[in-house]
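See structure below.
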Amino acid sequence: MHCLKVFLYDFGGEIKYPENLSFGKDVEIIRIKDISTEETRKAVEKALETDQVIFVGPSHRISERFFHDPNIKYVNAREQVAWVGHNPEKIRDLIQGSIDKLRSSSKIEKKRFPIKYKSALVIGAGIAGLETARQIANSGYKVYLIEKKPFIGGLVARLDRLYPAGTPNSHVLYPLINEVVSNPNVEVLVNTEMLEADGIVGDYTVKLRTKGNVVEGKLPKKCEEVCPVVVEDKIIRKAIYYQPTYPEAYGIDFDSCNKCGNCVKVLPELTLGESEKTLHVGAIVVATGLKGYDAKRITEYGYGKYPNVFTKLEFERKFANGFIKPKSVVIVNCAGSRDKNHLPYCSRVCCMLGLKAAKLIKDTAPETEVFVNYIDMRSYGIFEEFYNTVRETYGVKFVQGRPSEILQDAEGKLVVRCEDILLGKNIEMKVDCVVLMTGFVPDKETFEKLGIYSSGAYPVEYVNSTYSIDSNPRGIFIAGSAGYPKDVAEILINAANAPGGVIEILSKDYVENKTPTAKIDSKICAENNCRICITACPYGAVHMKGEEVTVSEEVCMGCGICTATCAAGANQLEGFEEKGMLAQIGGMTKQGDIIAFMCKWSSYNAADKAGHERLTYPENVKIIRIPCTGRVSSQMILKAYESGAKAVLVAGCPPDACHYFTGNFKARKRITALKEMLKQFGIDPATLALEWIGKDESKRFVDIVTGLNGKK
Amino acid sequence: MAVKEKLKIAICRGCTCSGCDIAILDIHERLLKVIEKAEIVYAPTIMDTKTEAVEKMKDREIDVCFYHGAVRDSDNEELAKLLRKKSKIMIAFGACACFGGIFGLANTTDRKGIFEEVYKNTASTVNPEGVMPQTKYTDKKGQTVTLPEIYDSVYPLQEKVEVDYYIPLCPPIPDQIMACLDAAISGNLPPKGTILASDKTLCSECDRKRNQMRKIDKIHRPHEIPIDQEKCMLDQGLLCMGPATRAGCGTICVKANVPCRGCNGPTRMEYDQGANMLGMIATIYGIPEESLTDEDVKKVMEQIKDPLGTFYRFTLPTSILKRTRTK
């Protein structure tokens, strides 16, 4: 059996401890004078080398500031005993529970991830990828910048101008490209895709596939002339073409190329074959940008059926390049967006893209009649001025209402039917051309390959806990519009975040994990398995590796939802193993107690606050701090009853505000189910309560436990 | 060289349906091989031996005792203690001995409750004087007869005597029995306390296809729907105990298109098979859960007609609460 050291801190006499405190000969009690001294820190660290450690004093919130080892078990004797006026004898039970828990728990090993490769892979060489690559490379690290298309520059390179001012994109793009491609730390690979990625922060193995090759500096126009494949890429071009970004060469669009070999006859250095390559990098940035929603799916708007119905990019390219000269145009904002049949969300930038298109038309051909159909104009922040300018100065007409259908009349004119909500009547607009401001969809394929969790369409970048300060170190970042639609200025600002994270990692020799993670016992959960914990994980951290279920130490946030889900006990969260939790409950519970499982993010802090406010509540309420109510298993609740508890409270974050997205909802389902079974055990289900208690709701906490105490 | 003595085997019965006796006979012709090396010295169901004969044996004279059935009355307990004393190795044989088994469901009531039901309340009972079984009765002539005392709770074997090995399942399967007998004959025994079954979960032995997204929208009882032979039972809304149950049976029930009922008991890291299964079912019900109200969840749980009986069918006496609280 391990030796155990219990440090008692009395907070300048504020915490009274029971007399004759003793827990057997294997448990040593050490009284300390001050939590904050170097001497205390060293004593605790030294004890941790050989023994298990319990620190009794103020709340975890305070104690965790001084000690950083997850193996320390804290007992909150200040906020939850002394300050609420409870008998010091209660501390004895709380310490006993902690001793029993530690004795039944395994040690949490600190995990270090060495940064083996001081290099980064940036996927996508659009404006976000370029800016990311620039900053990482300028900090002295090798960057592999890969682009699926034959040229870098992404969507911005294929646009004409940027809103709100209508600045041609060359202002932003050209200097950026030159700085990136001339940096010796950057290796640009075009026509290149990531096939698969494996590994962990500091040590990723990435497999790439490159189609064709780049013959730089040779631009025989004849290559293009001999190509028989004509491609309509918003404008008409060949399968081999030139785009004034980078590389300075002819590039082949392999999606259209029929491999006739005519161009190779002109330029024999060209190859049409493909090659694979394996890279090792320490970090990965996803800057894959966005794709437009397929306008053909909005059948009532006739895209693909009527030649003069365009999508936003098509229109901009065709109009700016002088292929079309309409006399009248309807711009349809929110085409397919905020619509549960298509894209349920708002793509955020389309309103401004609509304004930009209206301005482009009026700038170039002021006599053109322009209408904008909108549901709500979302010209947030400084863009309100842009909206006003387009409406007032340029005389663009705004019609509130979503068109119900677009038809073509006998003369080839387009008829846009809609209800003008402000006039309250149905109207028809006859125009030459319609532009659909369709929304954006993310490049899901890359997210899936990298195991990036997405809730709905876009990846979850930052909601409560994802990528927050308590996340475990992760070497995969998202930059630019890959995360959600942004405008160019926002992309450039946002893209500066990813390199910050990458550089922080690459500049270290190793990173340490912050949060203990769930572990799967492969002796119980073998090759073929139920996989239910995979469905339960809010982050996609639990996943299949080959035939085995495994937990990504990078992605796991330590909520324990999967642990409470696993029916076989194969999945255990470090520091909150079932065996330890049951031992703690058994060790601290006395007949007639109320055991309160409280989540460390919300409700536990409310209980602490009751202490700060010197409120009081029944002494028999004993609190167990848990990461999430989603970690509370039915076994733990039954154990509390078995050990003598007369009531059990499970308290977590308010609905929708769970730190781990759905832990509290899962707790609700489990507890509702358990209540039904408790009846059969002859236990009044009203003694089992599930409550949402926010961090400020100390008074509600007191009311709830007082109410539970009144139950027989 | 002296002829090596045959291994002495006893098959002892507690509160049992005797299916375990039959399970031993189900090793069929392999029994002939066993009795070349072993001799059955006590097995009341299949041969004429008396308990008195065991009492006369020396302590630890029997090499291996297979005790099947739960302990629910004083007779079971006495016999278990006697056999324990006379045997070198005591094996809890079958789900009842290991966990209390089906009989363990009697822990939802107590002796009084059972007697009331059986001797008074059932439709076919006529007992106007309310005569109840007594442990002791002396007639007018002064002759005394006794009956064993029925306990309020059903116990697994290990609550009453020390157990060396466990063979769960209801009943154990022939291969498992042979493996155990072979080990006993060869003397090549695993560490004491071992459960002679797989460490893995039943799902690891099951080759049914599972959905990527594990969820249940509606719970069915097996007779209510045509059961797809290829698909995971849970994905069809059937309460298959596989994820909460130890492997080792070869999924015989599931292969017969019947959901697992959990007779092989929990894994070594599971402390309460029923609670775990209930928690898991509740977790995967109706994902995404944000849209569910308390009422919705309650409605699902109401679809499970008897959660305690379903999830603790074989393990109530070894569960955390062990029994229903009675007044």
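Lettering follows sequence order; numbering is per chain, from 1. Nothing here was measured: the structure is a model prediction, and the numbers come from that model.
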Completion exercise
One option among A:K669, A:E642, A:K666 has the most heavy-atom pairs under 4.5 Å with chain B, and it is A:K669

Practice task
Name the member of B:D306, B:L202, B:I281 that forms the most heavy-atom pairs with chain A at distances under 4.5 Å.
Solution key: B:D306

Handout entry: Closest-packed option against chain B by number of heavy-atom pairs under 4.5 Å, given A:A570, A:S633, A:G630, A:A568
Key = A:A568

Practice task
State, yes or no, whether a side-chain contact exists between B:R325 and A:F681 at a heavy-atom distance under 4.5 Å.
Solution key: no

Completion exercise
Most heavy-atom pairs under 4.5 Å with chain A, out of B:Q273, B:M241, B:E270, belong to B:E270

Completion exercise
One should read off an interatomic distance between A:M581 CE and B:Y271 OH, to the nearest 0.5 angstrom, of 12.5 Å

Problem - Check: A:R670 and B:T283 side chains under 4.5 Å, non-hydrogen atoms - result: yes

Exercise for the section: Indicate yes or no: at least one non-hydrogen side-chain atom of A:E527 is less than 4.5 angstrom from one of B:K200. Expected result: yes

Handout entry: Contacting region of B:C232 [heavy-atom separation from chain A under 4.5 Å]
Key = neither

Problem - Separation between CD1 of A:I524 and CE of B:M269, rounded to the nearest 0.5 Å - result: 6.0 Å

Practice task
Would you name the heavy atoms of B:N276 and A:A567 that are closest together and state the gap between them?
Solution key: ND2-O, 2.9 Å

Exercise for the section: Identify which part of A:I637 has an atom lying under 4.5 Å from any heavy atom of chain B, answering side chain, backbone, both or neither. Expected result: neither

Exercise for the section: Under 4.5 Å heavy-atom distance to chain B, tell me which part of A:E577 shows up: side chain, backbone, both or neither. Expected result: neither

Practice task
Give a yes or no on whether B:K231 atom NZ has more than 12 heavy-atom contacts from other residues, nucleotides or ligands under 6.0 Å away.
Solution key: yes

Handout entry: Side chain proximity check, A:E676 to B:E302, heavy atoms < 4.5 angstrom
Key = yes

Handout entry: Between A:P655, A:G682, A:S643, A:C530, the one whose heavy-atom pairs under 4.5 Å with chain B are most numerous
Key = A:C530

Exercise for the section: Check each atom of B:P243 against the heavy atoms of chain A and say whether the ones under 4.5 Å are side chain, backbone, both or neither. Expected result: both

Handout entry: Residue pair A:I532 / B:L234, side-chain heavy-atom distance below 4.5 Å
Key = yes

Handout entry: Within 6.0 Å of NZ in B:K160, more than 12 heavy atoms from elsewhere
Key = yes

Exercise for the section: Kindly compute the distance separating CD (A:Q635) from CD1 (B:I320), expressed to the nearest 0.5 Å. Expected result: 5.0 Å

Practice task
Determine whether more than 12 heavy atoms belonging to other residues, nucleotides or ligands lie under 6.0 Å from atom NZ of B:K112.
Solution key: no

Exercise for the section: Drop me the distance from A:M636's CE to B:D272's CG, to the nearest 0.5 angstrom. Expected result: 13.5 Å

Exercise for the section: Compute whether any side-chain donor of one residue and acceptor of the other, for B:R208 and A:N528, lie under 3.5 angstrom apart. Expected result: no

Problem - Heavy-atom pair count under 4.5 Å with chain A, highest-scoring of B:A244, B:G286, B:S198 - result: B:A244

Problem - A:R668 and B:D296 ion-paired at < 4.0 Å - result: no

Practice task
Counting only heavy atoms closer than 4.5 Å, note whether A:C566 contacts chain B via side chain, backbone, both or neither.
Solution key: backbone

Problem - Structural part of B:R323 lying under 4.5 Å from a heavy atom of chain A - result: backbone

Practice task
Kindly indicate whether the side chain of B:R268, heavy atoms from C-beta on, has any atom under 4.5 Å from the side chain of A:K523.
Solution key: yes

Handout entry: Interatomic spacing from CG in B:L308 to NZ in A:K679 - rounded to 0.5 Å
Key = 13.0 Å

Practice task
Answer whether the closest heavy-atom distance between the side chains of B:D199 and A:D521 falls below 4.5 Å.
Solution key: no

Practice task
Take atom CD of B:E117 as the centre, draw a 6.0 Å sphere, and report whether it contains more than 12 heavy atoms from other residues, nucleotides or ligands.
Solution key: yes

Fill in the blank from the handout: In this structure, OG of B:S204 is separated from CD of A:E547 (nearest 0.5 Å) by 12.0 Å

Completion exercise
Closest heavy-atom pair, A:T535 versus B:M213, reported as atoms and distance to 0.1 Å, is CG2-SD, 3.6 Å

Practice task
Check whether any side-chain heavy atom of A:S634 lies under 4.5 Å from a side-chain heavy atom of B:L278, and answer yes or no.
Solution key: yes

